[in-house]
Amino acid sequence: MSAEAAAYAEGRTRVCGIDEAGRGPLAGPVVAAAVVLPPGYELPGLNDSKKLTARRREALYEHLMADESVLKCVATATVAEIDELNILRATHLAMARAAQGLPQPVDFCLIDGLAVPGFPLPSANLVKGDARSLSIAAASVLAKVTRDRYMAQLAEQYPQYGFDRHAGYGTKAHLQAIQQYGITPHHRRSFAPVAQMELPLGL
């Protein structure tokens, strides 16, 4: 029995899956998505977004976004919120925004990963939930593609950083670009590699 089916069997009436993208990068927002799939929904190839090629993710994203029977909401927590709250709390904030922003209210949320203390809706956490819940897998795709597209747009504004190639993660090329050009308003100053890059040389 799927996680969604188990929740419905317990009497839930509308169950969403929630996942995020972008907890680890040095730049850019963290993005969360919440998805409610209709009963019996099938989409060949839908899986954890990290196991899909970029091309396949994009195709699944377009299919999910165009399907009006799929309820979805994508939300973010900004770099400023990440620096103020810390990345874990900012991620939880984005998840709550996504769940509460759905076009119809839900009464249960399946959240990928560890438990989210104080989540505003009834919920259960599923470690590796994107492999155990189709709605979490769908949310994974929406969050990942949304964030990748945002970082590609940033790359047009800041081409020297290569955001379209590494999506803000701390690759060697990214760290070298920070050393050479400094940080942008889209870098997370609370993350150690970025904070260290701001220290005056010789100290």
Side-chain angles (χ1 to χ4, degrees), residues 3-4 7 12 14-37 48-50 57 61 64-65 70-130 132-154 157 163 166-170 183-195 198:
E4 289 87 351
R12 307 294 183 178
R14 189 174 290 117
V15 178
C16 77
I18 301 175
D19 202 359
E20 55 75 27
R23 282 180 62 171
L26 306 181
V30 61
V31 177
V35 176
V36 180
L37 299 176
D48 173 12
S49 66
K50 293 181 286 294
R57 271 197 306 270
Y61 173 93
L64 289 164
M65 293 300 290
V70 176
L71 305 181
K72 57 264 183 182
C73 179
V74 180
T76 65
T78 66
V79 168
E81 289 171 326
I82 292 169
D83 285 342
E84 178 184 353
L85 300 173
N86 77 41
I87 184 57
L88 183 61
R89 290 172 62 195
T91 299
H92 294 169
L93 176 61
M95 288 177 165
R97 285 172 173 165
Q100 293 176 317
L102 285 163
Q104 297 180 34
V106 296
D107 60 358
F108 200 67
C109 303
L110 299 169
I111 302 176
D112 183 60
L114 301 178
V116 180
F119 198 72
L121 295 167
S123 62
N125 64 294
L126 291 178
V127 176
K128 297 184 178 179
D130 33 27
R132 301 166 58 192
S133 159
L134 200 62
S135 59
I136 289 179
S140 173
V141 168
L142 296 191
K144 173 68 173 166
V145 172
T146 298
R147 190 177 189 282
D148 284 350
R149 289 183 176 185
Y150 178 85
M151 297 308 292
Q153 291 176 346
L154 277 190
Q157 188 176 357
F163 290 136
H166 52 64
Y169 282 88
I183 64 171
T184 72
H186 304 280
H187 280 95
R188 302 173 181 179
R189 294 172 180 264
S190 57
F191 277 43
V194 177
E198 289 193 282

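Given the structure is predicted, the values throughout are model-derived calculations rather than measurements.
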Atom pair CG/OG of Leu37 and Ser133 - distance to nearest 0.5 Å: 7.5 Å
Mind checking side-chain hydrogen bond (donor to acceptor under 3.5 Å, both in side chains) for Thr146 and listing every partner two or more places apart, or none if nothing turns up? none
Distance (rounded to the nearest 0.5 Å) between His166 NE2 and Leu26 CG: 8.5 Å
side-chain contact (heavy atoms from CB on, under 4.5 Å) for Ile136 and Ile18? Distances and angles first, verdict last. CA-CA 5 Å; Ile136 289 179; Ile18 301 175; 6.0 Å; no
Using the rule given for side-chain contact (heavy atoms from CB on, under 4.5 Å), can you reason through Gln153 versus Gln157, listing the C-alpha separation, both sets of side-chain angles and the distance that settles it, and then say yes or no? CA-CA 7 Å; Gln153 291 176 346; Gln157 188 176 357; over 6 Å; no
Interatomic distance, Thr184 atom OG1 to Phe163 atom CZ [nearest 0.5 angstrom]: 4.5 Å
Any chance you could lay out the side-chain contact (heavy atoms from CB on, under 4.5 Å) test for Lys72 and Leu64, step after step, and finish with the verdict? CA-CA 9 Å; Lys72 57 264 183 182; Leu64 289 164; 5.8 Å; no
side-chain hydrogen bond (donor to acceptor under 3.5 Å, both in side chains) against Glu20, all qualifying residues, sequence neighbours excluded: none
Considering non-hydrogen atoms only, spot the tightest contact between His187 and Val79 and give its length. O-CG1, 3.3 Å
Tell me the salt bridge (charged side-chain N to carboxylate O under 4.0 Å, His left out) pairs involving residues 25-34, sequence neighbours left out? none
Report yes if some heavy atom in the side chain of Val36 is under 4.5 Å from a heavy atom in the side chain of Val70; otherwise report no. no
Quick one: salt bridge (Lys or Arg N to Asp or Glu O under 4.0 Å) partners of Arg12, sequence neighbours excluded? none
Which atom of Met151 lies closest to which atom of Pro29, heavy atoms considered: SD-CD, 4.5 Å
Run the side-chain donor-acceptor check on residues 85-95: report pairs under 3.5 Å with partners two or more places apart or on a different chain.
residue : atom : partner : partner atom : Å
Asn86   : OD1  : Leu88   : N            : 3.0
Asn86   : OD1  : Arg89   : N            : 2.8
Thr91   : OG1  : Ile87   : O            : 2.7

Residue pair Ala98 / Ala75: nearest heavy atoms and the distance that separates them: N-CB, 3.6 Å
Output the distance between atom CZ (Arg189) and atom CG (Asp83), rounded to the nearest 0.5 Å. 8.0 Å
Give the ring-plane orientation class for Tyr150 versus His186, where under 30° counts as parallel, over 60° as perpendicular and anything between as tilted. perpendicular
Looking at every heavy atom in both Asp148 and Ala167, which two are closest together, and how far apart are they? OD1-CB, 4.0 Å
Mind listing the closest non-hydrogen atom pair of Phe191 and Pro25 along with its distance? CE2-O, 3.2 Å
Stepwise side-chain contact (heavy atoms from CB on, under 4.5 Å) check, Thr78 with Glu81: CA-CA 5 Å; Thr78 66; Glu81 289 171 326; 3.3 Å; yes
Counting only pairs under 3.5 Å, give me each side-chain donor-acceptor contact of residues 107-114, with atom names and distances, residues two or more places apart or in other chains.
residue : atom : partner : partner atom : Å
Asp107  : OD1  : Thr13   : N            : 3.3
Asp107  : OD1  : Arg14   : N            : 3.1
Asp107  : OD2  : Thr13   : N            : 2.8
Asp107  : OD2  : Thr13   : OG1          : 2.8
Asp112  : OD1  : Gly129  : N            : 2.7
Asp112  : OD1  : Asp130  : N            : 3.3

Work out which heavy atom in Val30 is nearest to a heavy atom in Ile82; give both atom names and the distance. N-CD1, 3.9 Å
Taken to the nearest 0.5 Å, the spacing of Cys16 SG from Glu4 CD works out to 9.5 Å
